[in-house]
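These numbers were taken from a predicted model, which means no experiment stands behind them. Quick note on labels: first sequence line is chain A, next is B, and so on, each numbered from 1.
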Amino acid sequence: MGMTMTQKILAAHTGMETVAEGQLVEARLDLVLGNDITAPVAIDEFEKIGAAAVFDRSKIALVPDHFAPNKDIKAASQCKRMREFARAMNIEHYFEVGEMGIEHALIPEKGLVLPGDAVIGADSHTCTYGAVGAFSTGVGSTDMAAGMASGTAWFKVPGAIRVTLTGEPRGWVSGKDVVLHLIGAIGVDGALYRSLEFTGAGIASLSMDERFTIANMAIEAGAKNGIFPVDDTTKAWAASVSGRSYTSYQPDDDAIYGSEVVIDMSSLEPTVAAPNLPSNTRAISEATGVRIDQSVIGSCTNGRIEDLRVAASIMRGHKVAKGVRCIVFPATQMIYLQAVREGLVEIFVEAGAAVSTPTCGPCLGGHSGVLAEGEVAVATTNRNFTGRMGHVGSKVYLASPAVAAAAAIAGELVDPSAIAAAPPRERFRQPGTNVQRRTE
Amino acid sequence: MSATTASGRVFKYGRDIDTDVIIPARYLNTAVHAELAEHCMEDLDASFASTVQPGDVIVALENFGCGSSREHAPIAIKASGVSCVIAASFARIFYRNAINIGLPILECPEAALAIESGDKVSVDFSTGIIVNDTKGSSYQAQTFPPFMQRLIDAGGLIEYTKRVLARNNAKDTER
Ligand code: SF4
C-alpha cells in the first residue's frame, strides 16, 4: 500500500518499511523545541523522569520569544528557568534576547530543520517546518519533556488530505490568502488528525517565505502537519542555511488520500478571516469599510523579509491613519537587520508605525500591543479566537501583510490595490535565501 | 488516571472551544496549577471557576481544545477538579496532552449532543459507558487503543518514559 510523504518520513524514523494510517508508532526525533511558556512546564516534567542528561544537546532548541523581552516578573522567572536549564544541560541551541527571534522563523533560518527531518515542538505552530518537506508537529510540554529525555515521541500515523495548488497568485494575493482560503473551505477541524499534503504545478510560484506562511496555518485547519514537496526552491534554500545532508521524500504514486482540495491560486482575491475563527473567511471586497484601531504586521506567520517588503511597498510615502496604531514586529533578529539595511524600517517609522524587536508579544495578547474592550485589529498573525489579542470584547481580522498595511493607511479594511498598484511578485523575492548574510 | 469511574454535574459548552478561552494567554506567565485553575474557562463562562465542584464533568461538541499547544489548558481543567471531559471530538494536541497528563477524556458524539448543563453523569473509563443519571439514558464511548491504555496504566507519559529509559539503560549495561 502506498504511503504519503508524511507516512514515509515517519516510517524512516521508526525503522519500519511501511506504516499505515491509524498505527501507533514511536519515532526518533531530529529536533525537540520549546519556548518560554511551554519549556518551564516541560523542564518540571523532565526532572520527574530523572534523566541525568538530555538525549542529544545539539538536537534541542529553546527560544524565549512569547513573553520576552521579559514582560513582567513572572515571565522573567520563566525565562530564567529555561536559561538555567539550557546552561545546566549544555544545550547548543538556546537563543538569548538579542540573538533570538520568533521560534518558527528562527529555527529554519538557523538551519536546524531540513527536508526529511522529524521534529516536535511544544508550540502548535511547529507545523511551520512542513514548508521545507519535514514532518513537524506541535505537542504539549509533557511530550517535549519525554522527547528531551528519550529522543523519541509517540504518534498516531495520520491519513492525509491532498491539496493541489494550481495557477499563480496575482496582484497583492500571497501565500497568506491561499491558506486563509483553504481554511475557509475546509473549516477549523477540516483536517483533524490528518496531514495536509500540498502538491501541484502552482507550488513552483510560491517562495519559501510563502510556503512557511501556508504550513504555519495547517494547525488552524486542525491538521497534525502540513507538508510541501522538496523542489529547486527548497534545495536552494537548504543549501543557504545549512551544510548538513538531508533526504527528500516523495509520496508514493498510490498513496491514499482521504480527500482532495484543489485551489486555483490565480482566481483568489486578497482574503481575510473575520472574528472569531480563522475559517470565517471572505474576500476583501466583502469586508471593505470595517474600521480598525490597530494593524499588526509580523509574527511567525508573516514576519519574514518578504512580508516586510510587501508592507513597506504599500506604506512608502503614506501615513498611518489618525487614531490607528500600526505595530510592525520582524520575526527574527536577522530579518530585522535586513529590514534596517533595506530601508524598510525607515519607511515604517516615517509612516508612523511602531517597530518592535522580535517577540510574540501582540500576537497572543501578551504584551506590546494588547487590545482594549471593543477594539478591532487587523493582523497578519494566525489566530483570531475570542480574546486572542487582548480583551474578550476585542476583535481580530486575519489578513496578509498587504491588506494589513493598506488598512493601517486607510484606517479601515480596503483592497490594497486601492492604496498602491501591485508590482510583479518577483520584486519581493530574494533567490536562494530569504535573508542576505553579510560578512564583515 | 488511576480511578476507573467518575461522576459529577455537567458544564456543557458548544463546538470549537479553543485553548484561549480554556486558559487565556494572559495567565500563561505562571505554571502553578492552582493559579491556572482560578482562571479556567474565564473568557467563556466567568462563573465556572467559582462554581465547579470536584468530580464535575465538562461536555462539549466538536473540536474541543483547538488552538494552541498549551498544556496549561488540560492542566487548568484537571486542577479545577473536573473528573472527565466528554466531547464529540477533540483537537489533536489537546487530545494527546490530556492523555499525557492523565486527564480522562472520552469521544462520544451522541452523548455530547444529548447531555445538558446541570445533568448528573457517571462514566466508566474501562468500558467507555457514560450514564446520564438525570435523564436515565446511556451511551457507549470509544475506549482507548492498547498503546494509549499502556501509557495511561503507567500513569502518563512521564512514568512511561522513565520505564523505557530504565529498560534501555539495563540493555546498555548487558552489552
Ligand atoms: S508569533 Fe504568535 S503564533 Fe507565532 S509562535 Fe508567537 S504566539 Fe505563537
Exercise for review: Please name the pair of heavy atoms, one in B:R96 and one in A:W154, separated by the smallest distance, quoted to 0.1 Å.
Suggested key: NH2-O, 2.7 Å

Review point. Which one, A:A146, A:S77, A:A145, leads in non-hydrogen pairs under 4.5 Å with chain B?
Key: A:A146

Review point. Where do A:D189 and B:R15 come nearest, in terms of heavy atoms and distance?
Key: OD2-NH2, 3.2 Å

Point to revise | Proximity breakdown for A:I49 and chain B, heavy-atom pairs closer than 4.5 Å | key: both

Practice item. Just do the side-chain hydrogen bond (donor to acceptor under 3.5 Å, both in side chains) check on B:E71 and A:T38 with the steps written out, would you? Key: CA-CA 8 Å; B:E71 208 156 288; A:T38 57; over 6 Å; no

Review point. Based on non-hydrogen pairs under 4.5 Å, which of B:E159, B:E42, B:E62, B:H72 is most in contact with chain A?
Key: B:H72

Practice item. Give a yes or no on whether A:K80 atom NZ has more than 12 heavy-atom contacts from other residues, nucleotides or ligands under 6.0 Å away. Key: no

Exercise for review: Might you work through the side-chain contact (heavy atoms from CB on, under 4.5 Å) test for B:R70 and A:V41, ending with a clear yes or no?
Suggested key: CA-CA 10 Å; B:R70 62 188 70 152; A:V41 182; over 6 Å; no

Review point. So what's closer than 4.5 Å to chain B heavy atoms on A:Q23: side chain, backbone, both or neither?
Key: neither

Exercise for review: List the atom of B:E35, the atom of A:K74, and the distance in Å for their closest heavy-atom pair.
Suggested key: OE1-NZ, 3.1 Å

Review point. Non-hydrogen atoms of chain B under 4.5 Å away: do they reach the side chain of A:L364, the backbone, both or neither?
Key: both

Practice item. Looking only at non-hydrogen atoms, find the nearest pair between B:S69 and A:A122 and report the distance. Key: OG-C, 3.5 Å

Check your understanding: Looking only at heavy atoms, what is the nearest atom pair of A:Y193 and B:Y95, with distance?
Key -> OH-CD1, 3.9 Å

Check your understanding: Any side-chain heavy atom of B:N97 sitting closer than 4.5 Å to one from A:D143?
Key -> yes

**Study point:** Selection from B:L157, B:T30, B:T19 maximising heavy-atom pairs under 4.5 Å formed with chain A
**Key:** B:L157

Study note, to complete from the structure: Per side chain to side chain contact (heavy atoms under 4.5 Å, CB included), A:E45 is matched among B:I158, B:T161, B:I101 by B:I158

Exercise for review: Indicate the atoms forming the closest heavy-atom contact of A:F385 with B:G67, along with that distance.
Suggested key: CE1-CA, 3.7 Å

Study note, to complete from the structure: Rounded to the nearest 0.5 Å, the CZ atom of B:R26 sits from the NE2 atom of A:H391 at a distance of 8.0 Å

Point to revise | Winner by heavy-atom pair count (cut-off under 4.5 Å) against chain B, out of A:D44, A:T152, A:L24, A:I219 | key: A:L24

Review point. Is it true that A:R383 and B:D20 have a side-chain N and a carboxylate O under 4.0 angstrom from each other?
Key: no

Check your understanding: Do side-chain atoms of A:R388 reach the backbone of B:A25 as a donor and acceptor pair under 3.5 angstrom?
Key -> no

Point to revise | Closest-packed option against chain B by number of heavy-atom pairs under 4.5 Å, given A:A76, A:A51, A:S141 | key: A:S141

